[in-house]
Number of protein chains: 2
Amino acid sequence: MKKIDILKKLRSSGLRPTKQRVEIAKFLFEREKTFHFTVESLNKLLTKKSISKIALATIYNTVHAFKAAGHLSEVEVRGNKTYFDTNVSNHHHFYDSETAELIDIDANDIIIQKIPKAPNGKKIKNVEVFINLKN
Amino acid sequence: MKKIDILKKLRSSGLRPTKQRVEIAKFLFEREKTFHFTVESLNKLLTKKSISKIALATIYNTVHAFKAAGHLSEVEVRGNKTYFDTNVSNHHHFYDSETAELIDIDANDIIIQKIPKAPNGKKIKNVEVFINLKN
DNA sequence: ATCTAGTTTATAATTGTTCTAAAGTGAAAA
DNA sequence: TTTTCACTTTAGAACAATTATAAACTAGAT
């Protein structure tokens, strides 16, 4: 993804393309593979990479803004930290608790044959499959 | 589950049946249906129910001890709070984000037909299906 | 160039959880 | 029984992740 597209992406979702947002967006979206992170890990990586220090609060703000705009998804992971994913399409995850690492699973790689119907007046929003790994 | 069984349950897992543990265990395990809770919600319910106040730290200690003994499981739920479940068998969950409520799904009510193989030297520990509900 | 609503920032506040160390207590041994 | 002591409980401090606050800053319209 090119820088011009980053600016479009931000503008089209009503986000003023500030220096910080562009920097974070480039870091997150200018890559081939999907990227999983926590705010803590993102902060560390950004600090290492850039000259200008971005405040932690800004990283929180930005990640939430990107999520609200549909550019990031939040992953179902047990534990205290919140994991985000640059892959916003419907998909699933492996989780390696040894390394606290997430790995995407394409939606087509899991087929669910039988599923219970939603309770009393509720509907199914989405189905997430989470595969815990061991060594 | 009767009180005598509660005592057995505690003793057999190497947990000294103290007043607090017995009280919490009775509250959690002497019921028909499985019970989902966070430490916060459990604390509120216990405070409402009992004469004697149990310290929050004790509730944390006890819940962790019960989990370590295999009497409770921790549920995969996104967010900051940790959810526990008195159902320790292999099963799945509906999650109603409106009410922040979990509903058990029996393992037999979901059949997965196709599943990817685990990456590089890893094995699959378990598969958790999480069905998000909407209205 | 000026203005202003939206943004960033440092810091405080909040929330969920764990740690600490002192006081209390089951239950085994005397 | 009483004594003893490792295991528990407890209040409060400490910690970690996140959110709120309010002052300074800035993108972009006027």
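Below, chains carry the letters A, B, ... as their sequence lines are ordered, and counting in each starts from 1.
Counting only heavy atoms from C-beta outward, the side chains of Asp96(A) and Asn132(A) never approach each other to under 4.5 Å.
For the pair His64(A) and dT19(D), the criterion of a side-chain N or O lying under 4.0 Å from OP1 or OP2 is met.
Atoms CD (Gln20(B)) and C1' (dT9(D)) sit 6 Å apart, rounded to a whole Å. Remark: P of dA17(D) and CD of Glu74(A) are 15 Å apart, rounded to the nearest angstrom. Rounded to whole Å, atom C1' of dT8(D) lies 12 Å from atom CD1 of Ile54(B). The interatomic distance linking Phe37(A) (CZ) with dT18(D) (P) rounds to 11 Å, in whole Å. The distance between atom CD of Glu40(A) and atom C1' of dC15(D), rounded to the nearest whole Å, is 13 Å. The distance from atom CD1 of Ile24(A) to atom C1' of dT8(C) is 11 Å, rounded to the nearest whole Å. Atom CZ of Arg21(B) and atom C1' of dA27(C) are 14 Å apart (whole Å).
His91(A) places a side-chain N or O within donor-acceptor distance of the main-chain N or O of Ser89(A), the cut-off being under 3.5 Å. Formation of a donor-acceptor pair under 3.5 Å by the Arg21(A) side chain with backbone atoms of Arg16(A) is found in this model.
Comparing Asn61(A) and Leu56(A), the nucleotide of DNA chain D nearest to each residue sits closer to the 5' end for Leu56(A). Comparing Gly14(A) and Asn80(B) against DNA chain C, the residue whose closest nucleotide sits nearer the 5' end is Gly14(A).
Closest to the side chain of Thr18(A), from the set dG26(C), dT17(C), dT8(C), is dT8(C). Nearest to the side chain of Ala57(B), among dT10(D), dA17(D), dT7(C), sits dT10(D). Closest contact between the side chain of Arg16(B) and the listed nucleotides dA10(C), dT17(C), dG24(C) involves dG24(C). Of the candidates dG28(D), dT17(C), dA11(D), the closest approach to any side-chain atom of Thr82(B) belongs to dT17(C). If you check dA5(C), dG16(C), dT18(D) against the side chain of Tyr60(B), the one that comes closest is dG16(C). Candidate nucleotides dA17(D), dT9(D), dG16(C) were compared by shortest atom distance to the side chain of Lys81(A), and dA17(D) ranks first.
Geometrically, Lys122(B) does not engage Phe94(A) in a cation-pi contact defined by less than 6.0 Å to the ring centre and at most 45° from the axis.
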